[in-house]
Engineer: 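This structure is in structure tokens; I'll ask about it shortly.
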Amino acid sequence: MNKETEIKLRASRETLAALRDHPLLKKRNKSGWQRHELFNQYFDTPARDLAQAKVALRLRRDGEQVIQTLKSRGQSVAGLSERNEWDWYLSKAKLDLKKLDDSCWPASLAELDKKQLMPIFTTDFVREKAEIAWGRGKAKVVIEAALDLGKVIAGEGEEEICELELELREGEPAALLELAAELAADLPLMPCDISKAERGYRLFNSASYSLNLPLPVLTPETTLDDSVLALGWHLLGSSQRLAEQYRFNGHWRLLVEWVERLSELRALLGSLGQAAPRASSHDLRERLDALLQDWRPRVLAGQEDEQIRQQAPELFAAELQGVRWGVLSLTASRWFLGRAWTQQRNGRGDRQGAAALGSWLATLLAEEGSALQIRRYQQQPEDLAEQLPRIGRLLVWLRLARNVLDVVEADRLYGEMGKLEALAEHAVAADVLEARMTQLQIIGSLKAWRQLVK
């Protein structure tokens, strides 16, 4: 078994051609570009049992070689993925079921009749690959860069494959992100952890591409630093998957959720106080603010304007033709992977970072809740929009970590705060002002609110 650590970056044909001669790759290319025509047949049962178990099984023909490969989903965070992989070299292009024994076959499929396995879809593409030497001080780093161009075919559906794949051969995973970030600063590259197998299944059923990543498991004892890391990866990974699916099908709700995840990521960064010195997140916050400044107003306007919703896919495609989204994604990935917020902070920041989440969060919500000044805005509901950043900070923690709070009605508090945010974003009108006052009164009367904001 091998462990595969890689990052996939969606590209256009023009970008793929430019990458081949990019100076950054050219001067570090130790092997030259090697061309391979790869023909791949994926297998599953008629009920798609392997897909449900997050397993991919394929036969690949690479020149005269036939390779049977089994891959497990493994861990994937924000485009940087680790997968377990088993390869067997065969003498003929036919599945060898005997290779699929307990040493690799998932326990969840132990009762599956492997004779049900049948061809499901193909991925045929040309791969140009090269070995890149990427120095990180004295540490040796070897990365395989692969330029893939071809298509996935499933039944009558097909989708183009056009991507750069960077796979770590030797060294630390941070090197993959460093190389990807430098390339993405020059060329439009979109981090995306959808595998070729997932593309094939998506052609059968667009809903098969999972958008709802599992929520991180946090406890009251989890440190704040570990919580920031888990929540940051979750929000970034979710935003990347939403961007990929919206690019694929243009469903409006996906764009709304993409902006919501990025807004939550921005709120998370803004909530950390001395645990994350502002200087450490300055670049990341600026990039997030620039993207949200363009897209949040469009999404808000599009909620009531069909023409804006119709125009959005074209605008999003134009966004992906630039470097902004790729650079932001990779900047955030590097920030979280390197725990950049922990660097150069003072002793108080270190103590906050090491604090138990349960006690830290209760303090944060009490401080933010008091500063919200519910009674004041009941008298001045027309000014509530100025509290949107604070409401966002309250909401991101209530959505993702309210289970660690020892308060009653935490779920209801989260729901009512969400209604308040929607009203604060809405254009001011007489009925909106009245609704804001009513909603503030509801929140102030909740047991959870009174317990948190003492």
Engineer: L231 vs L218, test: side-chain contact (heavy atoms from CB on, under 4.5 Å). Steps then yes/no.
Structural biologist: CA-CA 9 Å; L231 296 179; L218 303 176; 3.9 Å; yes
Engineer: Would you mind telling me which of W325, W295, F248 makes a ring-ring contact (aromatic ring centres under 6.0 Å, His included) with F316?
Structural biologist: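 Only one of W325, W295, F248 forms a ring-ring contact (aromatic ring centres under 6.0 Å, His included) with F316, namely W295.
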Engineer: Taking the basic N atoms (NZ, or NE/NH1/NH2) and the acidic carboxylate oxygens, is any pair closer than 4.0 Å for R58 and D87?
Structural biologist: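 Judged by the 4.0 Å cut-off on N to carboxylate O distance, R58 and D87 do not form a salt bridge.
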Engineer: Considering only NZ, NE, NH1 and NH2 on the basic side and carboxylate oxygens on the acidic side, decide whether E244 and R241 come within less than 4.0 Å.
Structural biologist: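 Not counted as a salt bridge, because no side-chain N and carboxylate O are separated by less than 4.0 Å.
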Engineer: More than 12 non-hydrogen atoms from neighbouring residues, nucleotides or ligands closer than 6.0 Å to CG on N346, yes or no?
Structural biologist: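 Count over threshold, so yes.
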Engineer: Test side-chain hydrogen bond (donor to acceptor under 3.5 Å, both in side chains) on Q52 and R48 and set out the steps.
Structural biologist: CA-CA 7 Å; Q52 293 174 37; R48 311 287 190 264; over 6 Å; no
Engineer: May I have all residue pairs that pass side-chain hydrogen bond (donor to acceptor under 3.5 Å, both in side chains) and include part of residues 257-271, sequence neighbours excluded?
Structural biologist: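 Sorted result for residues 257-271: R253-E257, R253-E260, R261-E264, S263-R296, E264-R399, R266-D289, S271-W397.
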Engineer: For side-chain contact (heavy atoms from CB on, under 4.5 Å), just list the numbers for F125 and E163, CA-CA rounded to whole Å, side-chain angles, deciding distance to a tenth of an Å, and then say yes or no.
Structural biologist: CA-CA 11 Å; F125 56 95; E163 66 187 19; over 6 Å; no
Engineer: Search all heavy atoms of M417 against all heavy atoms of L395 and return the closest pair with its distance.
Structural biologist: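 In this case the closest contact between M417 and L395 is CB-CD2, 3.6 Å.
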Engineer: Closer than 3.5 angstrom, by distance alone: can the side chain of T222 be matched with the main-chain N or O of T219 as a donor-acceptor pair?
Structural biologist: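 Yes, because the side chain of T222 sits within donor-acceptor range (under 3.5 Å) of the backbone of T219.
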Engineer: Got a sec: does the CD of E382 have more than 12 other heavy atoms crowding it under 6.0 Å?
Structural biologist: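 Count over threshold, so yes.
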Engineer: Would you call E314-R298 a salt bridge at under 4.0 Å N-O?
Structural biologist: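 Judged by the 4.0 Å cut-off on N to carboxylate O distance, E314 and R298 do not form a salt bridge.
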Engineer: Where the side chain of W449 meets the backbone of I442, is there a donor-acceptor pair that is under 3.5 Å apart?
Structural biologist: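 No.
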Engineer: Using a 3.5 Å distance criterion without hydrogens, assess whether the side chain of R13 forms a donor-acceptor pair with backbone atoms of L149.
Structural biologist: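 Here the side-chain-to-backbone pair does not exist.
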Engineer: Counting only N and O atoms by type, is there a donor-acceptor contact under 3.5 Å from the side chain of S281 to the main-chain atoms of L284?
Structural biologist: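 No, because the side chain of S281 does not come within donor-acceptor range (under 3.5 Å) of the backbone of L284.
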Engineer: When you check the gap from the basic side-chain N to the acidic O, do K129 and E167 get nearer than 4.0 Å?
Structural biologist: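 Looking at K129 and E167, the cut-off is not met.
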Engineer: What I want to find out is whether R169 reaches E131 closely enough, with some N-O distance under 4.0 Å, to be called a salt bridge.
Structural biologist: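 Answer for the salt bridge query: no.
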Engineer: Salt-bridge test for D283 and R334: reply yes if a basic N is under 4.0 Å from a carboxylate O, no otherwise.
Structural biologist: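 No, this pair does not count.
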Engineer: Go through it in stages, so that I can follow the logic: the residues are N40 and T69, the test is side-chain contact (heavy atoms from CB on, under 4.5 Å), and I'd like the CA-CA distance, side-chain angles, deciding distance and then a yes or no.
Structural biologist: CA-CA 10 Å; N40 307 276; T69 298; over 6 Å; no
Engineer: Show every side-chain hydrogen bond (donor to acceptor under 3.5 Å, both in side chains) that has at least one partner inside residues 423-446, sequence neighbours left out.
Structural biologist: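 side-chain hydrogen bond (donor to acceptor under 3.5 Å, both in side chains) check on residues 423-446 returns E304-H426, E416-Q439.
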Engineer: Under 3.5 Å, side chain of D44 to main-chain N/O of D49, donor-acceptor pair present?
Structural biologist: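 The answer is yes, because a donor-acceptor pair under 3.5 Å joins these two groups.
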Engineer: What's the verdict on side-chain hydrogen bond (donor to acceptor under 3.5 Å, both in side chains) for Q245 and R202, showing C-alpha distance, side-chain angles and the deciding distance?
Structural biologist: CA-CA 10 Å; Q245 191 72 342; R202 186 171 65 176; 2.9 Å; yes
Engineer: Regarding R10 and E159, does a basic nitrogen lie under 4.0 Å from an acidic carboxylate oxygen?
Structural biologist: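 Salt bridge: yes.
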Engineer: Sub-3.5 Å donor-acceptor pair from the side chain of N84 to the main-chain atoms of S72, do we have one?
Structural biologist: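 Between the backbone of S72 and the side chain of N84 there is no qualifying donor-acceptor contact (under 3.5 Å).
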Engineer: Could you check whether any side-chain heavy atom of L50 comes within less than 4.5 Å of a side-chain heavy atom of Y42, counting everything from C-beta outward?
Structural biologist: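 Not touching, per the 4.5 Å side-chain cut-off.
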Engineer: Between Q303 and W252, is there a side-chain donor-acceptor contact under 3.5 Å, judged purely by atom types and distance?
Structural biologist: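 Judged by distance alone, the side chains do pair up.
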Engineer: Starting at CG of L405, measure out to CG of L413 and round the result to the nearest 0.5 Å.
Structural biologist: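 Rounded to the nearest 0.5 Å, the CG-CG separation comes out at 9.0 Å.
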Engineer: Between R345 and P277, is there a donor-acceptor pair closer than 3.5 Å when you use the side chain of the first and the backbone of the second?
Structural biologist: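 Looks like no, no N/O pair under 3.5 Å.
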Engineer: Thinking salt bridges, do R376 and E386 make one under a 4.0 Å N-O criterion?
Structural biologist: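 Salt bridge flag = yes for E386 with R376.
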Engineer: If the plane angle is over 60° it's perpendicular, under 30° parallel, otherwise tilted; pick one for W233 and F336.
Structural biologist: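 Because their plane-to-plane angle lies in the 30° to 60° range, the rings of W233 and F336 count as tilted.
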Engineer: I'd like to know if the side chain of S239 and the backbone of L236 have a donor-acceptor N/O pair within less than 3.5 Å.
Structural biologist: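 Pair found, side chain donor or acceptor close to backbone of L236.
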Engineer: Hey, what do you get for CG (L183) to CG (L25), rounding to the nearest 0.5 Å?
Structural biologist: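 Going from the CG atom of L183 to the CG atom of L25 covers 5.0 Å.
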Engineer: Take L330 and L189, measure what side-chain contact (heavy atoms from CB on, under 4.5 Å) needs, and give me the verdict at the end.
Structural biologist: CA-CA 10 Å; L330 291 164; L189 292 168; 5.7 Å; no
